[in-house]
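Below is one structure, written out as structure tokens; comments come after it.
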Amino acid sequence: MKIDDISSPELHDDLRNQLCSQIESSIEDIETYVPATAALPDSFSTHLRHTLSQLNYLSPFPNSLKLHIWKLSYRLWNACVDLSNSNAASIQKHHEEHAKLRQVSADLLFLAADVTGIPSPAFKSASFFYKTGLKWHDLRKFELANYCFEKASDLLSKVDITNVSEYEEKKLLLDLNIARSRTAWEVSDRNLAIALLSRSKNLLFAFADNYKALANQYLMFGKAIVSKNEVSGVNEALKLMNEAFELCERGLKVVKSTGETLALMELRSKTLRFLGASHLQRDEFESVLKCVKVLRDGEKDQHPSLSVLAMKAWLGLGRFGEAEKELRGMVVDKGIPEGVWVSAVESYFQVVGAAGAPAVKGVFLGLLGRCHVSADAAIRVVNKVIGDPAGGGEEARLRAKVVSDLVSDDRILTLLNGDDASKERTAMHALLWNCAAEHFRSKDLQTSADIFEKSMLYVPSDIDSRNLRAKGFRVLCLCYMGLSQLDRAQEYINEAEKLEPNIASAFLKFKIYLQKNECDGAITQVQALPSCLDFTTEFLSLAAHEAIACRCLPVAVSSLSLLLNFYTTGKQMATTEVVVFRTLVTILAQDPQNDSDILKQMKRAHSRLREMSVEDFFGKGEIGRRERNWFSVNAWNVGVKTGQENRYAICAEFFRLASEFYGASIDEEKEGNHVMVCKSLIMTVYAIISDEKLRTNTLLENEVKESISLLDRAGKMLTSNSTEYEKLEVIIEPNFLFVYTWCAFDLHSRLDDTGSQQLLLIKRFANLKCCNPKHLLQIGIDASQGPRSNHEVAIFALSTCLSTLLASPSPDYASVALIVRKLVSLRSSHGADTIDDATMETYKQAYRIMVGLKEGEYPVEEAKWLSMTAWNRAAVPMRMAHMDEAKRWMSMGLELANKVPGMQTYRSCMEDFIAGFE
């Protein structure tokens, strides 16, 4: 059966009583509930709300029942208050359930709002809704809060406010409007919120507290807009704050006690300060100063923010002197909190920049003198003064100067020296270190060194900080090295090495020796590097690069030589061994006097080549071939150079090394560069023989055999691709064939029974198309001289050379004359007394050569010598009575004289002598 279907009054009364009993029973359960033992169940509010909805269908109620409902509502409300007071922490966990119970209490009272016998029932019911709405507002349940406030407003809308006499009731009218305004503001209904505040101006009732409350709400809304930093909202914020200021002014006219006056004055000052801040946000600096003036004129105890507002306004107007006065004024005002003046210092420095650094330093040191300053404040100020040092420049340098003075002050050092300031001390060190590092990157080494030195003041001297101190000393060493203050840099690195002896310190000492150009000290330091525990071979490579950059080549050589020792250990290296050798030889080659050292390193490289495989040493493929060719070519070039300088002993060593390097085969190569190997072997033997001639020593037998062995090796390579000796000129240049032939002739002449081999060797060379007459002339002259002369070879070489010269279109008659003289001398010395047809034939050949030549074309002196020697050869036959032989020589001398200009007198005498002789 539904309640609506019940028409009997008796049944209505029974149901009402039954529902009221159920409500009362639930309230009793709530009153006996102990929140500390169990959580507040939601069944209370659910059951009460269900019962209340049923009771609502049974209205209207008799007045007696209304009184009973009134009592039940108050019992429930008081139970909620008791729950709140008994255990706030427990209620906090169930605050929403608590608000629901209060909501039931307010709704229950609303059913009996028109009860008679109770004064101002509407106000009391509205009060319950107002307080419940505040609960919902705190829970940010704005819809529920607005519902409660609107219920309360509806209840009070029927009240004639002119008849309201009680203070609490008048206060409720204003508080309800303000509460509704706050809720509207939270749901972004700004127009309604401000309209409700405007409506509240009619509910002030000349009470100072009402003026204060309304003014405070205007101020809160204005502050909320300002906090968003929206340019469009600044004007609205100013309007709201002006409303608050006017309400304060009006409230001061109706105050009735000193306490009310002080409260309004305090709110007025607060409003003015926020007005000043809003004007500052709009860059209305004159208005800010007006607000500050009003505040300073009206208050004995100045608020700390006034100096900050004034300073920022003066800064905005560009009157830095006035701003500095305000900043310095904070030093004498002990009431200014630390956070305020630190913020002021930051703002001042942000606008004035480096120019304001001295003022900031003065203010901060002044504050240190008059009051206790926290370590955090000191760090904030130093951080602001440092700014952004990246990029350097005069401003960054000036800032760093002020920072240096600040952090070295004894008061700041004392402030950060305690055990309880270790964290701040570490922060200060990091701040200074980063600043110095930025100046270092900007190449401002003097400033960087200064700040690094100041950062060391904040590093403890205990054992735990040894590494950090050593790091500081090392970076100071770098700074002073960059400033070329090497003695000071050395002092710092020595200190660092005492604290932390590692490779970094040792290497910096090495660099200082380099910059001082103390090569011996640098070499000693390089040799000490491997003794460091954290040594790696990369430091030797780096040392070599540094030495080359400083043009201290002996140090680079020492570094690379030491580096090469590590390759024999099998350790994994960053650079290949052949590259180190190549670099070392390149460095040595820069000094012409280092040929012996180059030879030593190349021999060392060759030794490593023999220990390793060719591809392991040089590398594979094209890279390996390039490395092999580099060593080969450089050995060859140095051999050529030393040979040109007549240093044949070392020249022979280089050419022999060149032959070894050229002979190294890579990948699928069978013999390497066999042509260059052949050339190198030939030049090796040539240098050995040349060294013997230069030193006038005689080669030992084993040396001769070794040289012959080298030549034989070259000869085999020459004929490996050609079975005919005559085709050798295709393989190798003519000059090398001559040197090969000459060396072979010279060496074989030292052995017994090799005359026929020598002649065969020369004949084979003479048959080559590339054979040059000058080469044969040289061989002929050498074969005709010395203790190891060979008459047959000399005669053959000179005769062949003479034939070749005469066969040319333009013979060199100077060489022809020299050959004729040599042949005459050779045949004369080996002839049988004076009967020497071969010698006579040589003279006749000379005569035939001169026939038809222009005067002077054949060397005159040589022609005279031939004529005179032929005439003189008749003397011996004449003494021996061989008249025909004598006449033959005299006739030859006369015939030759007829071909020589300038011998007319000799010819006349010869002719007369021959006529008389006959």
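Just so you know, residue 1 is the first one in the sequence shown, and it goes up from there.
The salt bridge (charged side-chain N to carboxylate O under 4.0 Å, His left out) pairs that include a residue from residues 858-869 are R821-E862, where partners are two or more places apart or lie in different chains. Within the structure, ring pair (Phe, Tyr, Trp, His ring centres under 6.0 Å) pairs that include any residue of residues 560-579 comprise F535-F566 (at least two apart or interchain). Every pair passing ring pair (Phe, Tyr, Trp, His ring centres under 6.0 Å) that includes a residue from residues 838-868 is listed here, sequence neighbours excluded: Y843-W889. Within the structure, side-chain hydrogen bond (donor to acceptor under 3.5 Å, both in side chains) contacts touching residues 581-595 (residues at least two apart or in different chains) are R551-Q590, R582-E627, D595-K641, D595-R647.
No salt bridge links E841 with K844; every basic N to acidic carboxylate O contact stays at or beyond 4.0 Å. We find that K899 and E895 are not joined by a salt bridge, their nearest charged nitrogen and carboxylate oxygen being 4.0 Å or further apart. Residues D691 and R695 are paired through a salt bridge, judged by an N-O separation under 4.0 Å between the basic side chain and the carboxylate. A salt bridge links R656 with E706: the distance from a Lys NZ or Arg NE/NH1/NH2 to an Asp or Glu carboxylate oxygen falls below 4.0 Å.
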| task | Could you check H674 against K679 for side-chain contact (heavy atoms from CB on, under 4.5 Å), going step by step and ending with a plain yes or no? | result | CA-CA 9 Å; H674 68 281; K679 290 181 181 179; over 6 Å; no
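In this pair, F617 and F581 present their aromatic rings tilted. The plane angle is within the 30 to 60° band.
Among residues two or more places apart in sequence or in another chain, the side-chain contact (heavy atoms from CB on, under 4.5 Å) test is passed with K603 by L599, E653, L657. The side chain to side chain donor-acceptor pair (under 3.5 Å) search around R907 returns N898, not counting sequence neighbours.
Here the closest non-hydrogen pair linking L805 and S815 is CD1-CB, 3.8 Å.
Ring pair W636/F655: centre-to-centre distance below 6.0 Å.
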